[in-house]
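The structure follows.
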Amino acid sequence: LGTFFLMLVCVGSANSRVLMGVTPLTSEELQFPPLYFLTIACAFGFGIGGIVHMLAATSGGHVNPAVTWALFLDKRVSVVRFVLYIVAQFAGGFAGAGALYALGSHNIIHDEIRGGNSYDNDYISNGEAFAFEALGTMFLVLTVLSSINEKRGHAPSYLQPLAIGIAILVIHIWLIPYTNCGINPVRGVVWNIVIGQASYQTLVFLFAPFVGAGVAVPVFHFLLVPC
């Protein structure tokens, strides 16, 4: 359910007619004003924060396979639950992407604002894109682990989803100009497949978040866990 709404609402915000209104599609070369980036960043930040808050009491708010991978490495999720979460996340993502595609007239929306994840190899190499996505995911996972760390004395409340949502918002402001900000294998892969824009670059959005999440766990315990 979480990744269903992630794709339908958050990814939907990245290719909606609202964005067509703030993007001068008549120009020969698309120019994206600041409002374009802020609109998407707010949609993902507040949207995912709301989804995590909504599902926290039932499933723990798992909407990102990379975060689930980090929680598995941190021994907070069993192997069976980890596999079930991953399957459910991708299934929900494809269901949400299918609903979004069916409800929207995406054939009339410019390719550059259809919400897929990609980057321009004339300016960013595959290695740089991988590093951007891994570091962005690392920042997110460090925020998640910090917000749920028992030694910090934080009781479960709205503060955890708020902190996570703000982190996602900031990461999107940073990464949208470079990679359109994936930091989530479901978000970075599923919509690209559904709209027919999957390519070798999609592998970056699939694997980089898992690498960033894996690195974040030892960094958190080495540097950020209170004594």
Side-chain angles (χ1 to χ4, degrees), residues 2-3 5-7 9-11 13-14 37-38 40-56 59-77 82 85-86 89-90 92-93 115 117 119 128-149 152 154 156-191 204-225:
T3 49
F5 284 120
L6 166 68
M7 300 304 296
V9 178
C10 298
V11 175
S13 73
F37 302 110
L38 291 175
I40 298 175
C42 288
F44 274 89
F46 294 128
I48 294 175
I51 292 169
V52 171
H53 185 61
M54 175 175 62
L55 299 176
S59 68
H62 288 255
V63 295
N64 187 333
V67 175
T68 302
W69 167 242
L71 296 178
F72 168 72
L73 295 177
D74 200 39
K75 300 180 180 179
R76 293 176 177 271
V77 174
F82 168 71
Y85 274 141
I86 298 298
Q89 286 162 351
F90 275 96
N117 281 109
Y119 49 91
E128 289 170 335
F130 194 99
F132 275 128
E133 287 293 313
L135 289 170
T137 309
M138 181 179 173
F139 182 81
L140 171 60
V141 171
L142 289 174
T143 302
V144 172
L145 293 176
S146 298
S147 67
I148 64 174
N149 182 254
R152 298 192 178 206
H154 299 315
S157 68
Y158 66 88
L159 292 176
Q160 286 86 0
L162 179 62
I164 294 168
I166 291 174
I168 292 172
L169 189 156
V170 172
I171 297 167
H172 274 74
I173 292 175
W174 172 38
L175 290 183
I176 287 174
Y178 298 102
T179 64
N180 210 22
C181 192
I183 66 171
N184 182 331
V186 171
R187 186 269 183 271
V189 173
V190 170
W191 186 241
V204 170
F205 299 104
L206 175 62
F207 293 112
F210 285 111
V211 173
V215 173
V217 175
V219 169
F220 172 75
H221 284 284
F222 184 71
L223 298 176
L224 301 179
V225 174

Check: Glu133 side chain, Gly182 main-chain N or O, donor-acceptor pair, under 3.5 Å =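 Flag set: sc Glu133 to bb Gly182 pair under 3.5 Å.
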Taking the side chain from Asn184 and the backbone from Val63, do they hold a donor-acceptor pair closer than 3.5 Å?
->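 Checking the backbone N and O of Val63 against the side chain of Asn184, a donor-acceptor pair under 3.5 Å is found.
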Which heavy atom of Ala213 sits nearest a heavy atom of Ala66, and at what distance?
->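 Looks like CB-O, 3.2 Å.
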Does Thr68 have any side-chain hydrogen bond (donor to acceptor under 3.5 Å, both in side chains) partners at least two apart in sequence or in another chain, and if so, which?
-> His62, Gln89
Drop me the distance from Ile166's CD1 to Ile48's CD1, to the nearest 0.5 angstrom.
-> 13.5 Å
Taking all non-hydrogen atoms of both residues, which atom of Ala216 and which atom of Val141 are closest, and how far apart?
->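 For Ala216 versus Val141, the nearest heavy atoms are CB-CG1, 3.6 Å.
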Which residue pairs pass the side chain to side chain donor-acceptor pair (under 3.5 Å) test with at least one member in residues 210-221, sequence neighbours excluded?
-> Asp74-His221
With sequence neighbours left out, what residues match Phe132 under ring pair (Phe, Tyr, Trp, His ring centres under 6.0 Å)?
-> Trp174, Tyr178
Partners of Ala41 by side-chain contact (heavy atoms from CB on, under 4.5 Å), sequence neighbours excluded?
->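 With neighbours one apart ignored, the set is Leu169, His172, Ile173.
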Cys10 and Phe44: which non-hydrogen atoms are nearest, and at how many Å?
->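 Between these two residues, the closest heavy atoms are O-CE1, 3.3 Å.
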With a 4.5 Å heavy-atom cut-off, do Arg187 and Asn180 have their side chains touching?
-> yes
Under the side-chain contact (heavy atoms from CB on, under 4.5 Å) test, which residues partner Val189, sequence neighbours left out?
-> Ile193, Thr202, Leu206
If you round to the nearest 0.5 Å, how far is CD1 of Ile171 from CG of Leu175?
-> 7.0 Å
Rounded to the nearest 0.5 Å, the CG atom of Leu145 sits from the CZ atom of Phe220 at a distance of 5.0 Å
Heavy-atom distance under 4.5 Å between the side chains of Ile176 and Cys181, does that happen here?
->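 Yes, close enough: below the 4.5 Å cut-off.
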OG-CG distance between Ser146 and Leu224, expressed to the nearest 0.5 angstrom =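 Output value for this atom pair is 5.0 Å.
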Where is the tightest heavy-atom contact between Val217 and Ala70, given as atom of each residue plus distance?
->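 Heavy atoms of Val217 and Ala70 come nearest at CG2-O, 3.5 Å.
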side-chain contact (heavy atoms from CB on, under 4.5 Å) partners for Phe5, two or more places apart |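 Partners of Phe5 by the side-chain contact (heavy atoms from CB on, under 4.5 Å) criterion, ordered by chain and then number, come out as Leu1, Val9, Ile51, Met54.
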Of all the heavy-atom pairs spanning Phe210 and Pro65, show the shortest one and how long it is.
-> CE2-O, 3.6 Å
Could you walk me through whether Val52 and Gln160 pass the side-chain contact (heavy atoms from CB on, under 4.5 Å) test, one step at a time?
-> CA-CA 9 Å; Val52 171; Gln160 286 86 0; over 6 Å; no
Rounded to the nearest 0.5 Å, how far does CZ of Phe205 lie from CH2 of Trp191?
-> 15.5 Å
Could you give the distance from CG (Asn64) to CG (Leu6), rounded to the nearest 0.5 Å?
->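 So the gap between those two atoms works out to 8.5 Å.
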Worked check of side-chain contact (heavy atoms from CB on, under 4.5 Å) between Tyr85 and Leu71 | CA-CA 11 Å; Tyr85 274 141; Leu71 296 178; over 6 Å; no
All ring pair (Phe, Tyr, Trp, His ring centres under 6.0 Å) counterparts of Phe72, not counting sequence neighbours = Trp69, Phe82
Is atom CZ of Phe46 surrounded by more than 12 heavy atoms (other residues, nucleotides or ligands) closer than 6.0 Å?
-> no
Non-neighbouring partners of Ala167 that pass side-chain contact (heavy atoms from CB on, under 4.5 Å), sequence neighbours left out |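 Ala167 satisfies side-chain contact (heavy atoms from CB on, under 4.5 Å) with Phe139, Thr143 only.
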Hey, is the main chain of Gly93 close enough, under 3.5 Å, to the side chain of Thr3 for a donor-acceptor pair?
->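 Side chain of Thr3 to backbone of Gly93, a donor-acceptor pair under 3.5 Å: yes, one is there.
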